Amino acid sequence: MVTKQLTGSPDDADLRRANSLGREIFSDVANKWALLIIEALGERTLRFSTLRDEVEGISHKMLTQNLRMLERYGLLERTVHPVVPPRVEYTLTEPGQALRATIDGLCDWTNRYFGHIEASRRRFDA
């Protein structure tokens, strides 16, 4: 993974620019697994195995990669409890909760227009 460096320019946050840091962040955070992990965490603190069960279909590897990325961006906090075996828990940070509000809107939109989209897909595919 190549990470762009912030130069302080307004172009750094411009999502329309292919080489902007904003585009990189948007691309990483807007993947389906990251969105589903954030939605699954909600206002709860969950362990890795519970998260894997909550996000049906995600592999161990993809969950690990996305949790690391979300932690790197400061959207979730990873807490390791010093017990044997180690207990690791994940919870959303304030920015993660703010993003979750946006994701909730996308989920609401999906539920609201599900019938319309499904009918449209059937017509298009026919």
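In this chain, residues are counted from 1 in sequence order. In this text the structure is predicted, and so the values were computed from the model without any measurement.
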Short side-chain to backbone donor-acceptor contact, N31 and D28, under 3.5 Å = yes
request  = Among residues two or more places apart or on two chains, list those pairs meeting side chain to side chain donor-acceptor pair (under 3.5 Å) that have a residue in residues 47-60.
outcome  = R44-E54
query = Is E43 reaching over with its side chain to a backbone N or O of Q97, donor-acceptor style, under 3.5 angstrom?
reply = no
key: Side chain proximity check, V55 to L63, heavy atoms < 4.5 angstrom   = no
query = Could you give the distance from CZ (R100) to CG (L106), rounded to the nearest 0.5 Å?
reply = 13.5 Å
query = With no hydrogens and no angle check, is any side-chain donor or acceptor of T93 less than 3.5 Å from a backbone partner on G74?
reply = yes
inquiry  = Going by side chain to side chain contact (heavy atoms under 4.5 Å, CB included), Y90 matches just one of L70, L51, T79, T45. Which one?
reply    = L51
key: Connected-component partners of F26 among ILVMFWY, side-chain separation under 4.5 Å   = L15
message = Can you confirm whether D12 sits close enough to S20 that some side-chain heavy atom of one is under 4.5 Å from a side-chain heavy atom of the other?
response = no
task = Kindly indicate whether the side chain of I58, heavy atoms from C-beta on, has any atom under 4.5 Å from the side chain of L36.
result = no
Separation between CG of L67 and CG of L41, rounded to the nearest 0.5 Å = 7.5 Å
query = If you take all heavy atoms of V80 and V88, which pair is closest and at what distance?
reply = CG2-CG2, 4.0 Å
Check: Y73 and L99 side chains under 4.5 Å, non-hydrogen atoms = no
key: From CZ (R16) to CZ (R23), nearest 0.5 Å   = 10.0 Å
Distance in Å, E89 CD paired with L46 CG, rounded so as to fall on 0.5 Å steps = 8.5 Å
query = Counting distance only, does the side-chain N/O of S27 pair as donor-acceptor with the main-chain N or O of E24 below 3.5 Å?
reply = no
remark   = Taken in chain and number order and not counting sequence neighbours, the residues that satisfy side chain to side chain donor-acceptor pair (under 3.5 Å) with R121 are none
inquiry  = For H116 and Y113, take the angle between the two ring planes, folded into 0 to 90°, and tell me which bin it lands in: parallel under 30, tilted 30 to 60, perpendicular over 60.
reply    = perpendicular
Separation between CE of M69 and CG of L76, rounded to the nearest 0.5 Å = 9.0 Å
Test item: E77 and E71 side chains (from C-beta on) under 4.5 Å apart, heavy atoms = no
inquiry  = Distance check, rounded to the nearest 0.5 Å: I117 atom CD1 versus R112 atom CZ?
reply    = 11.5 Å
ask   = For H81, does the NE2 atom sit with more than 12 other heavy atoms under 6.0 Å from it, leaving out its own atoms?
value = yes
inquiry  = Looking at every non-hydrogen atom in both residues, tell me the closest pair between A34 and V29 and how far apart they are.
reply    = CB-O, 3.4 Å
